[in-house]
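Please read the structure below before turning to the comments.
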There are 2 protein chains.
Amino acid sequence: MNIEMIRAAAERIQGHAFRTPLLNSRFLDQIAGRRVWIKPECLQHTGSFKFRGAYSALSALEPDIRANGVIAFSSGNHAQGVALAAQMHGTSAVIIMPSDAPQLKIDNTRAYGAEVVLYDRATESRDEIGAKLSQERNLTLIKPFDNAQVLAGQGTCGLEIAEDANARGIKNADVIVCCGGGGLTAGIALALEADAPSLRVRPAEPEGFDDVARSLISGQLESNTALSGNICDAIITPQAGEIPFPIMKRLCGPGMAVSEDEALKAMAQAFLRLKIVAEPGGAAALAAALYHPDDIKGDDVIVTISGGNVDPAMFTRALETL
Amino acid sequence: MNIEMIRAAAERIQGHAFRTPLLNSRFLDQIAGRRVWIKPECLQHTGSFKFRGAYSALSALEPDIRANGVIAFSSGNHAQGVALAAQMHGTSAVIIMPSDAPQLKIDNTRAYGAEVVLYDRATESRDEIGAKLSQERNLTLIKPFDNAQVLAGQGTCGLEIAEDANARGIKNADVIVCCGGGGLTAGIALALEADAPSLRVRPAEPEGFDDVARSLISGQLESNTALSGNICDAIITPQAGEIPFPIMKRLCGPGMAVSEDEALKAMAQAFLRLKIVAEPGGAAALAAALYHPDDIKGDDVIVTISGGNVDPAMFTRALETL
């Protein structure tokens with residue numbers, strides 16, 4: 001895993017992924033007590049950064065391998081990213097989703113042309129179902145973060161952050177990244193190491209699900225005890241990936257953790273001041289910047305809004321914090 | 001008024017205004033029956049395209065004139081644009097606002113450093129108040145659309161649309177623009193005439209407030225009878241400006257009109273599929289593209305989302321259409 005893979009991914013996704021801007025608002029600067037720069041990956045295709053990694057991985061496959069189709073396990077944003085990337089490449093995607101996944105996510109994944117296979121979390125093993133289908137149909141598994149080409153795709157977001165930060169003269173900033181398995185965090189960290197080495201990447205996680213923050217302290221992969229019961233579901237994983245973790249360990253500063261209420265308040269500020277739609281997990285980094293300013297050292301802070309796939313009821317709940 | 005003024009404005013706003021992307025979503029394409037491209041000016045500073053024109057006008061003033069300060073009349077987006085542009089130039093702004101303007105807009109305008117002077121619509125004349133203040137303090141009036149440098153600033157949005165459309169090979173498209181006084185519509189039309197002449201600009205207005213559509217038919221400036229009573233308030237003016245109208249008459253195709261319900265539904269789609277926040281008037285062009293496909297000839301359609309300054313209650317009302 002290296003910077004050349006990220007640069008190669010950037011060439012492959014050019015013209016297919018959106019080049020998202022770097023936004024800011026003086027009102028958010030006032031709350032945070034420093035300049036706050038926002039990388040709105042909710043504007044990306046399928047509403048999250050996951051499309052970058054999925055497109056990168058699909059485009060890196062040998063054409064005859066890709067033509068057989070791909071398979072992924074996901075109840076969320078990775079599913080939609082893989083589905084659309086497969087459709088854009090004219091190949092098929094099978095997505096294994098739990099039968100209790102939100103209907104909108106199931107519908108969207110199907111609308112991007114994927115075959116959705118539902119399984120019962122209580123009685124069935126998704127790994128067994130996936131292994132059987134992969135073998136029968138010769139499908140290539142696209143893992144959400146333990147895949148070097150996926151990680152390279154997420155790193156393209158970091159190349160853009162570096163380009164925009166350099167153009168604006170931002171030198172001393174904490175770059176806070178919404179962190180689940182660590183693909184986006186590690187990808188951005190590698191890109192910044194090469195193109196904006198004075199910036200420091202830090203993961204943001206939900207309180208009580210801060211396995212990466214604890215892993216960075218202990219130096220080894222720590223796990224979360226619970227995997228549900230938090231509105232920031234999009235960034236909750238059992239533990240970080242084996243590919244991203246060593247990169248984060250080498251390059252990332254201390255993790256930050258935010259409460260559900262802080263995530264909701266950050267969603268409301270993104271609505272009010274940036275005019276963008278963030279999902280709770282996607283607002284974790286902004287929440288850290290706005291509501292934990294004393295834990296940040298940089299003159300500036302750069303945050304990702306990693307996704308915006310939120311249902312109207314949850315969004316309304318966030319607006320009620322205003 | 002000419003393309004060179006727009007190019008000069010683009011140089012002046014470079015690095016100060018955001019370079020907004022051109023977004024799309026396959027889900028919106030399906031509703032519209034053609035590719036739909038979105039220029040999200042709600043992401044611009046102060047939440048609307050108005051910042052472009054305000055910054056252009058302020059930056060074009062002679063420094064000693066500018067140092068005396070500027071004045072504007074506005075209850076809405078132009079007020080915030082002028083206030084922030086003045087603050088960025090280190091000068092003062094007086095904004096004359098009706099005392100019944102939404103508190104949030106008054107607060108925001110003040111937060112951008114402007115002096116807000118409130119007047120009673122029923123008993124006071126804003127023109128008299130403005131004339132008196134301008135004379136006493138030697139302030140320069142920045143009109144919202146009948147100002148060539150403002151129009152040049154709005155035209156920079158058109159240069160970006162042309163650049164992105166050309167990069168994507170979009171040749172035969174209707175470009176639908178949310179239209180009040182006509183500054184954005186005429187500015188984009190001039191920019192496209194120069195840089196993407198195969199694209200055709202068309203104004204979108206609220207039903208019952210379609211003075212520009214009627215003016216394009218009659219060939220002379222028509223007026224609206226009512227000036228309130230529609231949620232698309234941001235794009236309702238008595239009539240189009242004297243500078244933009246001849247440009248629209250020469251370059252623009254037939255106007256389109258949308259209902260309040262269509263505007264709300266378009267806001268909901270912008271939330272669901274683009275992850276952006278549109279105000280009702282800012283969603284008029286998207287509503288025209290989605291819900292009046294038979295009135296559009298282009299293979300593709302490009303629409304502006306002209307602003308996103310909407311309060312939570314109105315936004316929730318839009319989400320309830322889903």
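To find a chain, count down the sequence lines: A is the first, B the second, and so on, and within it residues start at 1. Just so you know, these numbers use all the heavy atoms, side chains as well, and skip hydrogens, waters and symmetry mates.
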Between B:P21 and chain A, which part of the residue has a heavy atom less than 4.5 Å away: side chain, backbone, both or neither? side chain
Under 4.5 Å from any heavy atom of chain A, what part of B:R26 do you find: side chain, backbone, both or neither?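 Side chain only.
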Look at A:I305, A:N309, A:L22, A:T46 and state which one has the largest set of heavy-atom pairs under 4.5 Å with chain B.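 If we count pairs closer than 4.5 Å to chain B, A:N309 comes out on top.
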Among the listed options A:E279, A:Q87, A:Q30, the residue most often paired with chain B at heavy-atom distances under 4.5 Å: A:Q87
A:L322 portion near chain B, given a 4.5 angstrom heavy-atom threshold: side chain
Is A:D311 in contact with chain B via its backbone, its side chain, both, or neither, using a 4.5 Å heavy-atom distance?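 Contact with chain B is through the backbone of A:D311 alone.
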[X] versus [Y]: any side-chain heavy-atom pair under 4.5 Å?
X	Y	result
B:L274	A:L43	no
B:V277	A:V277	yes
B:N108	A:R273	yes
A:L104	B:L272	yes

When you measure from the side chain of A:K275 to the backbone of B:G308, do you find a donor-acceptor pair of N or O atoms at a distance under 3.5 Å? yes
Of all the heavy-atom pairs spanning B:T316 and A:L319, show the shortest one and how long it is.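 In terms of heavy atoms, the two residues are closest at OG1-CD1, 4.0 Å.
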Looking only at B:L84, B:N24, B:T20, most heavy-atom pairs under 4.5 Å shared with chain A are made by B:N24
If you measure from CG on B:D164 to CZ on A:R19, what distance do you get to the nearest 0.5 Å? 12.0 Å
Tell me whether the centres of the aromatic rings in B:F271 and A:F271 are closer together than 6.0 Å. no
